[in-house]
Asks: 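Let me begin by handing over the structure; questions about it come next.
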Amino acid sequence: MPDSTPLSGRPVSASRTEMIEIVLPQDANLLGNILGGRVMHLIDIAGAIAAHRHSHRQVVTASVDHLDFLNPIRLGDLIILQSQVNRAFHTSMEVGVEVYSEDSAGKRKHTTTAFLMFVAVDRAGNSQAVPPVLPRTQEERRRYRDAGERRKARLAMHAKRGK
């Protein structure tokens, strides 16, 4: 029988994660820019780490929202990924990931924002309850509200498709 004890909430800061890598030749396309698939792979990892830090459970990616590549990340630049859990639902969490490039002079550019949904699971793959998010700052409260709106839109889209 599952434990119905409510989980203690955790602040957004408990999930905050930053990953930094240098763009190497094997990461780049023929134009000298990082491959989009490599960026998506790193976004998924940064998001999973934030979700794991929040839930203290293994997590699986359930969905990735729309991605736009706003600026290229060049060979030799740093790619910086900042992630945090915006909101937790019963077994799922929305994680926001912002991606930046940084050139050798230290100039930083925003390149991508992504929102991913992760589900906490046990070793058998069964979904598990996650603690609520405790937003503290005005920005965290805005992200929390926005995550709720995105969830409503996702659920409506799934209902429309008959899933």
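Treat the numbers as computed from the prediction; the structure is a model and nothing was measured. All values below were derived from every heavy atom in this structure, side-chain atoms included, with hydrogens, water molecules and symmetry-related copies excluded.
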Asks: Grouping I, L, V, M, F, W and Y whenever their side-chain heavy atoms are under 4.5 Å apart, do I49 and V12 come out in a common cluster?
Replies: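 The answer is yes; both residues are in one hydrophobic cluster.
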Asks: With a 3.5 Å distance limit and no angle check, can you tell me whether H110 reaches the backbone of T112 through a side-chain donor-acceptor pair?
Replies: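 Present.
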Asks: Test your reading of the model: is there a side-chain donor-acceptor pair from T111 to the backbone of P72, 3.5 Å cut-off?
Replies: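 No, the answer is negative, given that no donor and acceptor are paired below the 3.5 Å cut-off.
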Asks: What side-chain donor-acceptor pairs closer than 3.5 Å can you find for residues 36-47, not counting sequence neighbours?
Replies:
residue, atom, partner, partner atom, Å
R38, NE, D27, OD1, 3.0
R38, NH2, E21, OE1, 2.8
D44, OD1, T61, OG1, 2.6

Asks: Other residues, nucleotides and ligands only: do more than 12 of their heavy atoms fall within 6.0 Å of CD on Q58?
Replies: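 No, the 6.0 Å shell around CD holds no more than 12 heavy atoms from other groups.
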Asks: What heavy-atom pair brings P131 and L7 nearest, and what distance separates the two atoms?
Replies: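 That would be N-CD1, 3.4 Å.
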Asks: What's the shortest heavy-atom distance between L75 and A28, and which atoms?
Replies: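 Scanning both residues completely, I find the closest heavy atoms to be CD1-CB, 4.3 Å.
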Asks: Under 3.5 Å, is there a donor-acceptor pair between the side chain of R57 and the main chain of D122?
Replies: no
Asks: For the atom pair CG (N86) and OH (Y144), what is the distance rounded to the nearest 0.5 Å?
Replies: 11.0 Å
Asks: Can you name the nearest heavy-atom pair linking V130 to S92, along with the distance?
Replies: CG2-O, 3.8 Å
Asks: Could you measure the distance from the CD atom of Q138 to the CZ atom of R143? Nearest 0.5 Å is fine.
Replies: 13.0 Å
Asks: Quick one: closest heavy-atom pair of H54 and P132, and the distance?
Replies: CE1-O, 3.5 Å
Asks: Give, for atom CG of L67 and atom CZ of F115, the distance between the pair rounded to the nearest 0.5 Å.
Replies: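 These two atoms lie 10.5 Å from each other.
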Asks: We want to know whether E98 and Y100 form a side-chain donor-acceptor pair, criterion being a heavy-atom distance below 3.5 angstrom.
Replies: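 Result is yes, a qualifying pair exists.
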Asks: So, the side chain of T17 versus the backbone of S15: is there a donor-acceptor pair under 3.5 Å, distance only?
Replies: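 Indeed, once roles are kept as given, a pair shorter than 3.5 Å links the two residues.
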Asks: Could you go step by step and tell me if T113 and V99 meet the side-chain contact (heavy atoms from CB on, under 4.5 Å) rule?
Replies: CA-CA 6 Å; T113 297; V99 182; over 6 Å; no
Asks: Please determine, by modelled atom types, if E18 and Q82 share a side-chain donor-acceptor pair under 3.5 angstrom.
Replies: yes
Asks: Do side-chain atoms of R141 reach the backbone of R136 as a donor and acceptor pair under 3.5 angstrom?
Replies: yes
Asks: Does Q26, at its CD atom, have more than 12 non-hydrogen atoms belonging to other residues, nucleotides or ligands within less than 6.0 Å?
Replies: yes
Asks: Sorted by first residue and then second, give each salt bridge (Lys or Arg N to Asp or Glu O under 4.0 Å) pair with at least one member in residues 60-87; sequence neighbours left out.
Replies: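 Non-adjacent pairs meeting salt bridge (Lys or Arg N to Asp or Glu O under 4.0 Å): D65-R154.
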Asks: Minimum heavy-atom separation for A48 and V59, please, with both atom names.
Replies: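 Closest approach of A48 to V59, heavy atoms only: O-CG2, 3.7 Å.
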